[in-house]
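To keep things clear, I will list the structure first and then write my remarks on it.
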Amino acid sequence: MRTRRTARTVIAVVATVLLAGSATACGNSDTGAGGDSGGGDKVVLGFSQVGAESGWRTANTTSIKEAAAAAGIELKFDDAQQKQENQIKAIRNFIQQKVDVIAFSPVVESGWDTVLKEAKDAGIPVILTDRSVDSADKSLYKTFLGSDFVKEGRLAGEWLVEQTKGASGPVNIVELQGTTGSAPANDRKEGFAKAIAANPNLKIVASQSGDFKRADGKQVMEQFLKANPDIDVLFAHNDDMGLGALEAITAAGKTPGKDILIITIDAVKDGMQALADGRFNFIAECSPLLGPQLMDLAKKVHAGEEVPVRIETEETTFTQEQAKAALPDRKY
Ligand code: AHR
């Protein structure tokens, strides 16, 4: 053990020097807890984060950094700035640095097989967190820790079906999708569409990506409002896009939560405040607090222990009244 660590330290130092430039070029990297470049007896975890596109993502990053520090794990953190090529470069850097475990939240679902095979060939276990990949070869990663995004979309759709029961005329829905090609955008769209499918009066009249960002949500909602004078419902794939859309709706002279029903996903504090204030109508929760479970899994896979191939995050939903009650204790 000691010999392997010493050899790895030498390799890691050389690799760190050689890779310093490319690591910066592919995103923002930092070492979290301790930052001892692979030395000592700590488990070294290379983590590639999607970016900083939303309140959810910020809370997720905080959870991971705090949990690593608490668990005594050395975290090599890379921010991919929402670019898949940056994540692939970061994973290759982690492989060259011979980290003990690699974890990442994939920006998009497809295109991971080659780099995952490189990690497997190097003997480094991979954990998927928050988002999954569509690789057919499930041996390329040890486990996937995260939400059931199809279920979140379904819960959003089921709430709408319940609310619009007995509506005689058409109910015009606009949809703000998350990042194109990402698992949460694909799955939430699918879950919502299936939930409303048996109700022909519920019609999605426009659906476009707002990239999970507040500014994009506002801009796309402005376009929706111009093209569709009679919007009854907005389904936004996250709180941030819904919050951006609020500005566009208000600027168009409409009252959010009344003239247009707003359903979102996440339940971050700002979203919960909008729900409690009556500007949103329903939120399906997606928890970003994955750090402690991730650190536990990293230690287990490093020790060669078996872990479940799928670990689903526990989540709930919120109405306006439930948001009022939950807000004072909301952690993110
Ligand atoms: O992958 C989780 C999603 O990514 C969150 O719902 C969204 O807010 C984030 O950007």
Side-chain angles (χ1 to χ4, degrees), residues 27 47-64 79-84 86-87 103-110 112 127-134 144-157 175-192 208-218 220 234-246 262-275 280 282-291 293-294 310-318 330-332:
F47 181 78
S48 171
Q49 179 60 289
V50 169
E53 74 281 6
S54 62
W56 189 101
R57 190 63 55 196
T58 306
N60 181 244
T61 293
T62 302
S63 171
I64 286 164
D79 175 346
Q81 298 169 4
Q82 285 189 281
K83 292 197 172 72
Q84 182 177 33
N86 288 349
Q87 286 201 301
F104 76 115
S105 174
V107 177
V108 290
E109 277 192 291
S110 304
W112 298 102
I127 299 171
L128 302 177
T129 172
D130 163 34
R131 300 180 181 180
S132 191
V133 298
D134 64 3
F144 165 40
L145 163 69
S147 308
D148 180 341
F149 297 133
V150 177
K151 183 175 162 193
E152 292 168 352
R154 177 171 59 73
L155 291 170
E175 180 180 33
L176 278 169
Q177 296 179 39
T179 302
T180 305
S182 69
N186 294 341
D187 293 354
R188 288 169 184 169
K189 183 171 183 49
E190 179 192 325
F192 184 81
Q208 201 178 309
S209 174
D211 207 15
F212 283 129
K213 294 181 191 149
R214 208 176 277 218
D216 295 41
K218 180 181 175 199
V220 177
L234 163 65
F235 170 44
H237 287 191
N238 79 344
D239 287 341
D240 280 75
M241 292 188 295
L243 290 162
L246 286 181
I262 302 179
I263 306 166
T264 69
I265 292 175
D266 275 357
V268 295
K269 254 189 194 154
D270 287 355
M272 290 287 272
Q273 188 64 61
L275 186 59
F280 282 1
F282 185 75
I283 302 180
E285 185 184 39
C286 178
S287 174
L289 305 179
L290 304 177
Q293 275 173 295
L294 174 60
R310 174 75 172 103
I311 300 165
E312 202 180 306
T313 317
E314 276 179 34
E315 286 157 352
T316 185
T317 58
F318 295 97
R330 204 70 186 154
K331 291 199 175 53
Y332 54 91

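In listed order, ligands and their atoms are each counted from 1.
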Identify the closest protein heavy atom to atom 10 (O) of ligand 1: which residue and atom is it, and at what distance?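 Nearest protein contact, heavy atoms only, for atom 10 (O) of ligand 1 is Glu53 OE2, 2.5 Å.
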Does any N or O in the side chain of Ser147 come within less than 3.5 Å of the main-chain N or O of Phe149, such that one atom is a donor and the other an acceptor?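 Checked: no pair found.
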Is there a donor-acceptor pair under 3.5 Å between the side chain of Asp240 and the backbone N or O of Arg214?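 Flag not set: sc Asp240 to bb Arg214 has no pair under 3.5 Å.
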Is it the case that ligand 1 has an N or O less than 3.5 angstrom from some N or O of His237?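 No, there is no polar N/O contact under 3.5 Å.
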Looking only at N/O atoms, are Arg131 and ligand 1 under 3.5 Å apart anywhere?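 Among all N and O atoms of Arg131, at least one is under 3.5 Å from an N or O of ligand 1.
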Could you tell me if any non-hydrogen atom of Asp130 lies under 4.0 Å from any atom of ligand 1?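 Asp130: in contact with ligand 1 (<4.0 Å).
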Hey, is Asp240 one of the residues with a heavy atom under 4.0 angstrom from ligand 1?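 Asp240 does not count as a contact of ligand 1 under the 4.0 Å cut-off.
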[X] with [Y]: basic N within carboxylate O range, under 4.0 Å:
| X | Y | result |
| --- | --- | --- |
| Lys189 | Glu175 | yes |
| Arg57 | Asp130 | yes |
| Glu53 | Lys83 | no |

Side chain, backbone, both or neither: which part of Arg188 comes within less than 4.0 Å of ligand 1 when only heavy atoms are counted?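 Near ligand 1, Arg188 shows its side chain, while the N, CA, C and O stay back.
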Please work out which of Asp266, Thr264, Asp239 has its closest non-hydrogen atom nearest to atom 6 (O) of ligand 1.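 Looking at heavy atoms only, the winner is Asp266.
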